[in-house]
Protein chains: 2
Amino acid sequence: MLNNKHDHSVCVETALESAQKICEERETRFTPLRRRVLELVWSKHEPITAYEVLDMLSEGKKRVAPPTVYRALDFLVEEGFVHRIESLNSFVGCSDPAHKHQGHFMICTKCSNVTEMNEQSLHNVIENAAKENGYSYENSILEIAGVCENCRA
Amino acid sequence: MLNNKHDHSVCVETALESAQKICEERETRFTPLRRRVLELVWSKHEPITAYEVLDMLSEGKKRVAPPTVYRALDFLVEEGFVHRIESLNSFVGCSDPAHKHQGHFMICTKCSNVTEMNEQSLHNVIENAAKENGYSYENSILEIAGVCENCRA
DNA sequence: TGATGGCTTGATATTTTATAACATACAGGG
DNA sequence: CCCTGTATGTTATAAAATATCAAGCCATCA
């Protein structure tokens with residue numbers, strides 16, 4: 001996705017609109033702060049850290065404190081609008097917010113872009129692996145590092 | 001593994017001995033510090049944090065500084081004697097240190113024990129997923145959260 | 001022997017990431 | 001309007017990790 005030229009502002013707009021709609025359905029509160037944080041996360045092509053969000057959020061205005069950002073991010077992750085990339089201590093917008101799910105990612109070690117994989121088959125394999133090891137399945141993180149098509153060209 | 005009663009000191013001894021041997025083969029230096037840190041990591045049944053290692057390492061003696069621990073852990077991870085669990089900012093001893101590999105884990109959300117999965121099939125699926133998404137494969141982390149057999153009983 | 005160079009560890013300081021705890025604001029139902 | 005619960009603000013601190021420079025160790029080779 002991110003390796004094509006595209007009008008990223010459209011991505012951002014779309015993400016904000018669907019989040020809005022989903023929150024209405026779920027009767028959760030898509031407050032201005034949460035909206036703004038989601039916008040900032042989406043506005044960056046790459047995974048963004050909480051403190052980067054904090055800096056951007058603070059531009060112009062009085063500096064906000066870390067809990068403000070972390071709480072908003074927690075909400076967005078909880079709702080499935082944003083995923084956390086553990087190996088980078090960072091966050092990315094979810095490409096399919098309508099269905100709550102765990103994210104599985106490819107991370108390019110050259111350009112830092114990430115690709116979310118939404119393949120059901122992969123998910124099945126993982127759930128199966130859990131079962132085979134005698135575990136009930138709750139959730140999983142899968143982060144694969146490699147070099148994307150673009151960067152290898 | 002960890003859900004059976006067993007003489008854990010044997011695990012620790014075995015781990016130390018194979019690390020020793022592997023380092024001789026690779027001509028890398030298994031120094032007293034590195035040995036001690038590996039011992040501490042293995043001595044805990046559950047994932048251990050760098051600062052827990054630091055505290056244990058400091059007992060009695062003058063307190064060591066964080067870089068001392070992180071450098072030793074870096075070495076051990078590099079050599080494949082220890083894996084890092086990203087979702088817990090913690091480390092565990094590798095169950096198969098002879099073959100350098102990425103660890104894939106089950107993590108019990110009740111008892112915190114982890115099980116390392118060494119299934120080749122799982123690894124293949126992951127490498128394939130990378131390929132299908134146009135990425136070259138470098139490495140991956142897979143951490144599945146669930147409840148282990150023991151804890152569900 | 002003892003000078004050299006490379007790796008390892010020590011030591012100090014700081015950065016980065018995240019949360020605890022308590023106060024204030026604000027929206028919606030009674 | 002008041003009460004209640006959720007959200008945000010504020011201050012402080014905890015937890016995790018790294019940058020930087022100094023000192024020690026040890027193999028080797030002139």
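All values derive from a computational prediction rather than experimental measurement.
One can place CZ of A:Arg34 at 13 Å from C1' of C:dA27, the figure rounded to the nearest angstrom. The distance between atom CD of B:Glu86 and atom C1' of D:dA17, rounded to the nearest whole Å, is 12 Å. What separates CZ of A:Phe30 from C1' of C:dA27 is a distance of 18 Å, to the nearest Å. Distance OH (A:Tyr70) to C1' (C:dT16): 8 Å, rounded to an integer number of Å.
Across all strands shown, B:Arg35 has no heavy atoms under 4.0 Å from either base or sugar-phosphate atoms. Base contact: B:Arg71 has a heavy atom under 4.0 Å from a base atom. B:Arg84 comes within contact range of the sugar-phosphate backbone alone, with a heavy-atom separation under 4.0 Å but no base atom that close. A:Thr31 comes within 4.0 angstrom of the backbone, heavy atoms only, and of no base.
Ring orientation note: the planes of B:Tyr70 and B:Tyr51 are nearly perpendicular, at an angle over 60° on the 30°/60° scale.
Here A:Glu39 pairs with A:Arg36 in a salt bridge; the nearest charged N to carboxylate O distance falls below 4.0 Å.
Partner of A:Ser140 under the side chain to side chain donor-acceptor pair (under 3.5 Å) criterion, out of A:His104, A:Glu127, A:Gln102, A:His123: A:His104 alone.
Comparing C:dA11, C:dT9, C:dT17 against the side chain of A:Thr49 picks out C:dT17 as the nearest. When each of C:dT8, C:dA18, D:dG9 is scored by its nearest atom to the side-chain atoms of A:Pro66, the top-ranked nucleotide is C:dA18.
Residue ring and nucleobase are stacked for A:Tyr51 and C:dT17, with a centre distance beneath 5.5 angstrom and an angle between planes beneath 30°.
Residue order along DNA chain C, read from the 5' end via each residue's closest nucleotide, puts B:Lys62 first among B:Lys62 and B:Asn89.
The main-chain N or O of B:Val147 is found under 3.5 Å from a side-chain atom of A:Ser136 such that the two form a donor-acceptor pair.
Not a single donor-acceptor contact under 3.5 angstrom links the side-chain atoms of A:Arg29 to the base of C:dG28.
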